[in-house]
Amino acid sequence: MEKKSVAASILVIFLAIIFSVIGICFSAFVYGSTKIEVTKISLISASGISIYHDKELKNKASELKLSKMELGLKPATGELDPDSQIPSTITSDNSSEGYYSTIYVSTSQNFKIILKDILIETKKDKTSANEERKNIFVAIKDIENTTKSLEDNEIEIASFSDVSGTQELTFYVWLGSLASDALEGSKISFTLEFQIA
């Protein structure tokens, strides 16, 4: 009896290992080719505007440190906030359906943030992927009227006046609920330029 029990246990362990290897291969090769990722958001700032990763203003930032999205972007499922137009599932925690990143801007001058240099790399039809830019959204947490799609080539996201002290800005990036599969496998990047207003 004991030999049969040991053999059954070994068989179960062996099968579990085989299925996990198959699952890992599937996610690496098959799912990896359909994942939608934001690979880089570069930061450029004018003279007199400094951008940092930390509150202590020690680590200068040249690109956003984006949250981890193991499964990539999927169309957001949350209800739109009537004021901010940000879906309820887009947050600055690990349960978010979109990317998020916080930076600290140090300046005493009025400034504005321009989104530009949008690039969508895809092995699918590039025209269809570029048409889907209208379903890729960016916003700044808790700042009104900053929810913008990437439809235009250059977009002013926000402007700041009467600036004093350090501004803490949390950016969100997500896919709208109407996004199609034309973006499957795409790698998205763009630049945020901080200009004197």
Validation row: [X], [Y] side chains within 4.5 angstrom (heavy atoms):
X	Y	value
Thr191	Ile41	no
Ile118	Arg133	yes
Lys187	Ile120	no
Tyr99	Ile90	no
Leu169	Ile113	yes

Least distance between heavy atoms, Ala76 atom then Ser177 atom =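 That would be O-CB, 3.5 Å.
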
Over all atoms of both residues, closest heavy-atom pair of Val138 and Trp174 =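 Minimum heavy-atom contact is C-CZ3, 4.1 Å.
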
Tell me, with the steps shown, if Glu37 and Leu73 meet side chain to side chain contact (heavy atoms under 4.5 Å, CB included).
-> CA-CA 6 Å; Glu37 295 179 281; Leu73 285 177; over 6 Å; no

Straight-line distance of [X] [atom1] to [Y] [atom2], nearest 0.5 Å:
X	Y	atom1	atom2	value
Ser101	Ile103	OG	CD1	7.0 Å
Ser45	Glu193	OG	CD	9.0 Å
Phe137	Leu80	CZ	CG	8.0 Å
Ser128	Asp181	OG	CG	9.5 Å

May I ask you to decide if the ring planes of Phe194 and Phe171 are parallel, tilted or perpendicular, using 30° and 60° as cut-offs?
->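 Correct class here is perpendicular.
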
Report the C-alpha separation of Leu119 and Ile188 in whole Å, then their side-chain angles, then the decisive distance to 0.1 Å, and conclude whether the side chain to side chain contact (heavy atoms under 4.5 Å, CB included) test is met.
-> CA-CA 6 Å; Leu119 178 63; Ile188 303 162; over 6 Å; no

Linked, directly or transitively: Ile114 and Phe111 (ILVMFWY side chains, under 4.5 Å) =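 Unlinked, Ile114 and Phe111 end up in two clusters.
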
What about Leu183 and Leu115, same hydrophobic cluster or not, with Ile/Leu/Val/Met/Phe/Trp/Tyr joined at side-chain heavy-atom distances under 4.5 Å?
-> yes

Whether the [X] and [Y] side chains hold a donor-acceptor pair (N or O, under 3.5 Å, no angle test) is what I'd like checked.
X	Y	value
Glu132	Ser180	yes
Ser92	Thr170	no
Thr147	Gln85	no
Glu121	Ser186	no

Hey, is [atom1] on [X] packed in by over 12 heavy atoms from elsewhere, all under 6.0 Å?
X	atom1	answer
Lys134	NZ	yes
Glu56	CD	yes
Asp125	CG	yes

Assess whether ring-ring contact (aromatic ring centres under 6.0 Å, His included) is satisfied between Tyr104 and Tyr52, documenting all intermediate values.
-> CA-CA 5 Å; Tyr104 300 86; Tyr52 299 88; 8.8 Å; no

Do Glu97 and Lys74 sit within salt-bridge range, that is, some charged N less than 4.0 Å from a carboxylate O?
-> no

Only one of Lys58, Glu63, Lys65 clears side-chain contact (heavy atoms from CB on, under 4.5 Å) with His53; which?
-> Lys65

Of Ile51, Ile44, Leu64, which is the lone residue that meets side-chain contact (heavy atoms from CB on, under 4.5 Å) with Leu192?
-> Leu64

Report the C-alpha distance between Ser50 and Lys60 in whole Å, list the side-chain angles of each, state the deciding distance to 0.1 Å, and finish with yes or no for side chain to side chain contact (heavy atoms under 4.5 Å, CB included).
-> CA-CA 7 Å; Ser50 298; Lys60 283 207 166 187; 3.9 Å; yes

Aromatic ring centroids of Tyr100 and Tyr172 under 6.0 Å?
->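 Not under 6.0 Å, so no.
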
